Amino acid sequence: MLFTSYSFIAFISVVFVLYYVLPKKCQWPMLLVASYVFYYIAGPTYLIFIATTTVTTYLISLKLDALAQTQKAYIRENKSILSKEEKKAYKAGIKSRQWKWLLLCLFINIGILAVLKYTNFAISNVNSILAAFHSTKQFALLDLVLPMGISFYTFQTMGYIIDVYRGTCPAEKNPFKLALFVSFFPQLVQGPISRFSDLAQSLFEQHDFDLKVVGYGLYRILWGYFKKVVIADRILTAVNAIIRDTDTYQGAFVLVGMLFYALELYADFTGGIDITIGIAQTMGIKVTENFIRPYFSKSIKEYWKRWHITMGTWFTDYIFYPISVCKPMLKLSKFSRAKFGEAIGKRVPVYLSAFVVWFTTGIWHGASWNFIVWGLMNFVVIMISQELEPLYRRFHGRFHVKDKKWWSAFQIVRTILLMSSLRMFDCYRDVPLTFRMFGNMFVKFRIRSLTPEAFLGLGLTGAEYALLGVCVVVLFAVSMTEEKKGSVRDLIWAAPAAWKYVVFGGLLVVVLVFGAYGIGYDSSQFIYNQF
C-alpha cells in the first residue's frame, strides 16, 4: 500500500477519523492496530519479522534495565562497606552481563536483516569467484523476501536497545507501546529513523483536535504529494530513458540524466518524508526532520548534515564514535603515533572509523557493489576535502572570497555536481558502466546534441518540460524562503484566513490536475522503499 495509492489515502482517512472520534485513551492503541493492519496488507509474512524484533528487543531491554536497577540497589545498600575498587569491579561485572545481552539482541535482529538482505548478494559473489577460477560449481540463489522497511525499523529498534544499554533511555515497560514505536506505519515506508526519546512522548500522549496542528500537517502532506507525483514521477520518465539506453544517450546527456536524477531523488525522498511528517502532525505526533534544504550545502560534509539526517546521526552515534574510542582503536592510534608520528597517529581512528561508517552506509542502501562503491567514494571525497583544508585556508587568506555571494553560489553548485556524480552509481547500478559513463560525459560532451527534438525523445512533451520548470522555480522559491525567513507554513498561517484556503486549494488542484498519473495510474514506488 504505497503512499500515493488510492487505498492508502482511504486508509489514512479512516485512521484520522478514528483517532479523533475514539476516546483519547484509545489513540495510541488504535495507531498500533492500524500499523499492524498496514503491515499485514503489505505482506502477512512480514509480521513474523517485525514481531520478532519487537519481542526480543522488549525482553532484552527489560533485562538490561533489571541489571541496572540491581546494580543501583546493591551499591546503595552496601555503600558503607564497599571500597572504591570493589564498587568498580561490581559495576564492571554488571556491565559485562549487560553487554552480552546487548550483543544477543544485535545478533538476532541485525542477523535477520543480514540474512534476508545480503544472503543472495554473498552467494552471487561466491559464484563470481568460483567462475573466475573456472569452477563449474555454482550455488543457487535463495527465494528470500525482504520485508517492507526492515532496514529502517531494525536500525531504529537497535538504536533504542543501545540507548537502554548506555542508560540514556529508560526501558519501555509496556510491550504494546514499544510495538507501536517499532511499527508506527507512516515511517515504515522510508523513515526517518526515530529515537525513542524523541518520538515517545508525542506518540503515546493524548491529543485534542487542533485546527492549526491538523492544518500544518495537511499542508505538509500536500507539499509532499506535489514533490512526488508532479515532479519526481514525471521526470522519472526522462531519467529512465537516459540511463536505460546508454548507446544513444551519451556525452552531454549523461550530465542531463545525472542532474535530472538529482531532482527526481530529492523530490521523491523529501516528498515521502513530508507525507510521513505531515500524517504524524495531523495527529499531534512530532517526527524528527530528515532534511534541511541539502541542495544549499557548500560542502559534502555540510550536505550530509542536511540530507537523511536521522541516518547520518545514527551511523555517527552508534558506529563512528564507539569504533573511534574503543580500546583496540586507541591502541592502534597509540602505536601509529609512536611509529609514524603525531600527524598520522591522530588520523588513524578517525579515518578507519569513517571508512567503516561509509562502507556500512553503502551496503545499508542496497546489497550490491554499486552502493558499496558509492559509500566508499563519499568517504574518499570527504577525506580528500578534509586533508585539503590547510590549502583552502591559504587560498582564502590570499584571495578573500569566502564572504562573496558568487563564491557561495559556486560552492553550492560544486556540491550539487559532486553529489550528483556520486549518485551515478545509483543510476546505472553497475560499477564499471558508471565509471565508463562518467568518463563518456567528458570525452563525448557535445552541447549541440542537446536539441529540443532530443529532449522530446525522452518521453516528455514540451508542456511537461515547461511544467517541470515552473515546479523547480516554486521548489527553489520555497526553499529560499525557508532558508532566509523560516517555515513557509508559519507565513501562510499568519496571513489572512482566505489565503490559507487559497494556497491549500491551489496546491490540491495542482496535485490532482498535474500529477503524473497517466492511464491505469499506479505511481512508481518511492525510491527508498527498496531499503
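The model shown is predicted, which means the values in this text are computed figures rather than measured ones.
- Side-chain contact of N109 with T154: a donor-acceptor pair under 3.5 Å is absent, judged by distance alone.
- Under the rule for a side-chain contact (heavy atoms from CB on, under 4.5 Å), the partners of L259 that lie at least two apart in sequence or sit in another chain are L255, L417, S420.
- Relative ring orientation between F442 and F438 is described as perpendicular, the plane-to-plane angle rising above 60° on a 0-90° scale split at 30° and 60°.
- Judged as a salt bridge (Lys or Arg N to Asp or Glu O under 4.0 Å), the pairs with a partner in residues 179-200 (not counting sequence neighbours) are, in order, R195-D317.
- Between F181 and F196, the angle of the ring planes goes over 60°, which puts this pair in the perpendicular group of the 30/60° scheme.
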### Query
E289 and R220: salt bridge (charged side-chain N to carboxylate O under 4.0 Å, His left out), yes or no, with the steps?
CA-CA 12 Å; E289 290 289 345; R220 189 74 180 260; 2.9 Å; yes
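- Note: Y249 and F253 have perpendicular aromatic rings, judged against thresholds of 30 and 60 degrees for the angle between ring planes.
- When each of L265, I243, V239, L468 is checked for a side-chain contact (heavy atoms from CB on, under 4.5 Å) with F260, only V239 meets the rule.
- Counting only heavy atoms from C-beta outward, the side chains of N370 and W374 never approach each other to under 4.5 Å.
- No cation-pi contact links K298 to F410, judged by a cut-off of 6.0 Å to the six-membered ring centre and 45° from its axis.
- Cation-pi geometry between K137 and F139 is satisfied (NZ or CZ under 6.0 Å from the ring centre, within 45° of the ring normal).
- Listed here is the closest heavy atom pair of Y39 and M148: OH-O, 2.6 Å.
- Annotation: side chain of S194 is in contact with side chain of V287 (closest heavy-atom distance under 4.5 Å).
- Using bins of under 30°, 30° to 60° and over 60° for the plane-to-plane angle, the ring pair F152/W364 lands in the perpendicular bin.
- Between D163 and Y318, the side chains place a donor N or O and an acceptor N or O closer than 3.5 Å (distance only, hydrogens not considered).
- Listed by first and then second residue, the ring pair (Phe, Tyr, Trp, His ring centres under 6.0 Å) pairs that reach into residues 336-358 are W304-W358, F355-F379, sequence neighbours excluded.
- Ring geometry for Y266 versus F291: interplanar angle over 60°, hence perpendicular rather than tilted (30 to 60°).
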